[in-house]
Amino acid sequence: DAGVTQSPTHLIKTRGQQVTLRCSPKSGHDTVSWYQQALGQGPQFIFQYYEEEERQRGNFPDRFSGHQFPNYSSELNVNALLLGDSALYLCASSLEGGRRGTEAFFGQGTRLTVV
Amino acid sequence: KNEVEQSPQNLTAQEGEFITINCSYSVGISALHWLQQHPGGGIVSLFMLSSGKKKHGRLIATINIQEKHSSLHITASHPRDSAVYICAVRLDYNNNDMRFGAGTRLTVKP
């Protein structure tokens with residue numbers, strides 16, 4: 001049983017470009033959450049997708065958008081990249097929106113470097 | 001002030017030592033997670049707690065809901081325990097959002 005898989009593992013982009021990160025949830029999970037982890041800091045919640053809709057959003061600008069597909073996989077898109085967007089982007093999957101009692105499983109992350 | 005505070009930020013121990021990492025939070029929560037992050041970034045969930053105490057091998061996690069405090073203990077520490085340990089809380093009023101501490105970097109020397 002594959003856990004949460006993210007692609008790519010590493011990515012280098014130029015300021016102003018756009019990037020798409022991908023996440024496949026753990027088998028049986030239907031909810032995907034995205035987090036940004038800057039160097040030396042704890043992860044920050046970006047948003048969560050459930051039933052192909054954004055259910056909750058953290059304090060991130062509209063440059064950050066996402067999508068969830070019918071197979072529950074998800075994409076995170078960042079437009080007009082800034083140097084400050086350089087971070088580890090983590091995806092976590094859970095069941096039914098992370099309702100009480102269900103555990104989240106994390107992927108290995110995508111390390112994005114903006115130059 | 002962060003909603004989730006961890007201490008210490010960095011911890012160096014000798015192999016075999018008993019280790020304690022603390023987490024305090026200031027918001028209502030439905031559950032607290034202890035996570036382990038190795039170099040390279042992948043996060044592994046160690047425990048999810050809503051009350052009391054859990055044990056898994058050499059790892060023990062406790063939580064005191066009234067005091068809004070949790071501890072992660074590692075008995076008979078080993079160099080392979082070296083990692084960043086992160087405390088994360090699932091908010092009480094919104095189960096979709098998790099808030100994370102900044103992490104405790106543990107180094108266990110042989």
Side-chain angles (χ1 to χ4, degrees), chain A residues 3-6 8-11 21 23 26 29-51 53-60 86-113, chain B residues 1-10 21 23-52 54 56 61 65 70 72 83-105:
Chain A
V4 180
T5 58
Q6 291 187 243
T9 54
H10 294 83
L11 197 55
L21 311 181
C23 173
K26 179 179 168 63
H29 283 185
D30 58 11
T31 302
V32 173
S33 302
W34 287 93
Y35 299 88
Q36 181 195 66
Q37 186 179 23
L39 196 62
Q41 298 182 23
Q44 298 288 320
F45 176 71
I46 302 175
F47 43 52
Q48 183 182 84
Y49 277 84
Y50 171 64
E51 292 187 339
E53 291 188 355
E54 184 182 293
R55 279 173 57 116
Q56 186 69 24
R57 188 180 183 91
N59 189 25
F60 279 80
S86 296
L88 179 71
Y89 288 85
L90 292 160
C91 163
S93 75
S94 57
L95 188 61
E96 291 184 48
R99 62 186 167 88
R100 191 186 298 263
T102 64
E103 191 165 355
F105 289 79
F106 287 82
Q108 290 291 312
T110 294
R111 187 164 297 283
L112 172 65
T113 302
Chain B
K1 188 178 186 300
N2 291 337
E3 292 163 309
V4 182
E5 296 278 357
Q6 285 185 238
S7 62
Q9 287 185 314
N10 294 282
I21 300 170
C23 174
S24 296
Y25 52 92
S26 57
V27 293
I29 68 169
S30 61
L32 181 143
H33 297 253
W34 280 104
L35 310 169
Q36 181 190 56
Q37 187 171 34
H38 281 281
I43 287 181
V44 174
S45 179
L46 300 174
F47 296 103
M48 185 176 72
L49 293 163
S50 54
S51 64
K54 286 190 176 180
H56 182 70
I65 297 294
S70 176
L72 175 68
V84 175
Y85 292 84
I86 301 172
C87 170
V89 298
R90 190 182 301 279
L91 300 185
D92 192 32
Y93 61 86
N94 183 349
N95 283 333
N96 300 330
D97 190 352
M98 289 178 70
R99 303 292 170 87
F100 295 76
T104 295
R105 183 173 298 278

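So you know, we letter chains A, B, ... as the sequences are listed, proteins then strands, and number each from 1.
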Who passes ring-ring contact (aromatic ring centres under 6.0 Å, His included) against A/Y89, sequence neighbours left out?
none
Considering residues at least two apart in sequence or located in another chain, which fulfil the ring-ring contact (aromatic ring centres under 6.0 Å, His included) criterion with A/F105?
A/H29
Heavy atoms from other residues, nucleotides or ligands near [atom1] of [X] exceed 12 (cutoff 6.0 Å):
{"X": "B/N10", "atom1": "CG", "value": "yes"}
{"X": "B/R105", "atom1": "CZ", "value": "no"}
{"X": "B/Q9", "atom1": "CD", "value": "no"}

d(A/Q108 CD, B/H38 NE2) to nearest 0.5 Å is 10.0 Å
Once rounded to the nearest 0.5 Å, what's the spacing between atom CG of A/L88 and atom CD1 of B/I43?
7.5 Å
Part of B/I86 within contact of chain A (heavy atom distance under 4.5 Å)
side chain
B/Q37 portion near chain A, given a 4.5 angstrom heavy-atom threshold:
side chain
Which atoms form the tightest heavy-atom contact between B/H33 and A/A104, and what is the distance?
CE1-N, 4.3 Å
What are the two closest non-hydrogen atoms of B/M98 and A/F45, and how far apart are they?
O-CB, 3.9 Å
Side-chain heavy-atom pair B/F100, A/Q37 within 4.5 angstrom cut-off
no
